[in-house]
> 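First the structure, then my questions, so here it is.
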Amino acid sequence: MSSKTLRIAALAGDGIGPEVMREALKVLAAVGRKFNLSFDVTEAPVGWAGIDAAGKALPDATLELCRRSDAILFGSVGLPDRDPTIPKEERPERAALLRIRKEFGLFANLRPVKLPKALSHSCPLKPERQGDGIDLLVVRELTGGLYFGQPKKTEEITLPDGTRTQRAIDTMVYTTPEIERIAHVAFRAARLRRKKVTSIDKANVLENGILWRETVTRIAKEYPDVTLDHQFVDNAAMQFLLRPTQFDVVLCENLFGDILSDEAAALAGSLGMLPSASLGITAAERTFGFYEPAGGTAPDIAGKNLANPIAQILSSALMLRYSFGLTEAAAAIESAVATVIDQGLRTGDIFNPADPNARRVGTREMGEAIVAAI
Ligand code: NAD
């Protein structure tokens, strides 16, 4: 794939988006030169930047660009203080993000959480629980389960004693093919890592959990080189705090993944370090990837050269790995990030004044150091 031109839609969005995207694009260009890759990067507005430029959070031209591209590198969207009169469905979080998720059938969310030893201080766990550093990947199903199952409603009912009350209903639904496809994503991802999948369910209580466990166990037979174990979600929530180093790939349905991926993120200390990937299949049966930092637009530090660009830079590494199969180029970015962390470079969010090796830098300096390390 490396000989062909790889078309990337770069949508920086709002807040810190443009600042961190600028650094990620510099890093991509550097890795492109090193590995002789041909990237065709086109930038386009999204979020409030889209509303300002073309009256819509996801302008038609931006969506068209995404359709023509091989992958989307996304910043983040949303500014809580901007025009409260705009209806919810036209605001960036819905009109841009949910629309893109739907358009590209993004059903798998991958959130790697890596805590380098040198950033041990930003982890809320005691050092002895961090082992040689935490390094896990949460694979979350994104389009099924309790969030989307029908019926989903709030209704008026009469209780047996005659009193009227309200009843809210959400329905947890998964079909076998939905579980199979997310399980394949997890096993394939494990093959690129330490070859272990921990599947999370509540098979002791939920019908969904039983089908989930049976299906994942069956799919595992296609990946004899990957070890599979199962944990109930309540135990997993505890194990993340007690012994997070036991995990490699953690496979979850939508609700459990939503909760556990945030719990795992807290282990890394700062949102500024955490990339994510969402993978899908388009209507034209094309595998597609959307890559963004785990955090938001950070309006409190936007425009001040304070944001940590590493989450955005690592998102571009995930794009190289999962959309383009460029494992070496992805690893080169990740190892350049590890190098600058070892050198002591820190943006404010990961700075520890008690660390004599730490040097506080801005967004730009961090990006440039990573380029130099490549
Ligand atoms: P946030 O993630 O933007 O910020 C939370 C805290 O983390 C802030 O203190 C912020 O400064 C810090 N932070 C986040 N990224 C950082 C980085 N790269 N470097 C250093 N510090 C960083 O969450 P929020 O304040 O709840 O939301 C702000 C806006 O972002 C809202 O409009 C929200 O809807 C939006 N948002 C968008 C996305 C997305 O586009 N996918 C995701 C989350 C939130």
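Each ligand, and each atom within it, is numbered from 1 in the order the structure gives. Values in this document were obtained by computation on a predicted structure and should not be read as measured data. Counting begins at 1 with the first residue of the sequence.
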> Under a 4.0 Å heavy-atom limit, does V20 contact ligand 1 with its side chain, its backbone, both, or neither?
neither
> Would R191 and Y223 count as a cation-pi pair here, with the cationic atom under 6.0 angstrom from the ring centre and within 45° of the axis?
no
> Looking only at heavy atoms, is any part of I16 under 4.0 Å from ligand 1, and if so is it the side chain, the backbone, or both, or is it neither?
side chain
> For ligand 1, is any non-hydrogen atom under 4.0 Å from P293's backbone (N, CA, C, O), its side chain (CB onward), both, or neither?
neither
> Is the closest protein non-hydrogen atom to atom 11 (O) of ligand 1 under 4.0 Å?
yes
> Establish whether atom 40 (O) of ligand 1 and some protein heavy atom are separated by less than 4.0 angstrom.
yes
> Applying a heavy-atom cut-off of 4.0 Å, say which part of D300 lies close to ligand 1: side chain, backbone, both or neither.
side chain
> Tell me whether K202 at atom NZ has more than 12 heavy atoms from other residues, nucleotides or ligands lying less than 6.0 Å away.
yes
> Validate the cation-pi geometry between R346 and F351: distance from NZ or CZ to the six-membered ring centre under 6.0 Å, angle to the ring axis within 45°.
no
> What part of Q312, side chain, backbone, both or neither, has a heavy atom within less than 4.0 angstrom of ligand 1?
neither
> Test of understanding: given a 4.0 Å heavy-atom threshold, classify the contact between I301 and ligand 1 as side chain, backbone, both, or neither.
side chain
> Step through the shown structure and confirm whether more than 12 heavy atoms of other residues, nucleotides or ligands are within 6.0 Å of CG on D132.
no
> Would you say that more than 12 heavy atoms from the other residues, nucleotides or ligands in this model lie under 6.0 Å from the CD of E222, or not?
yes
> Starting from atom 29 (C) of ligand 1, locate the nearest protein heavy atom and write down its residue, its atom name and how far away it is, to 0.1 Å.
T297 OG1, 3.1 Å
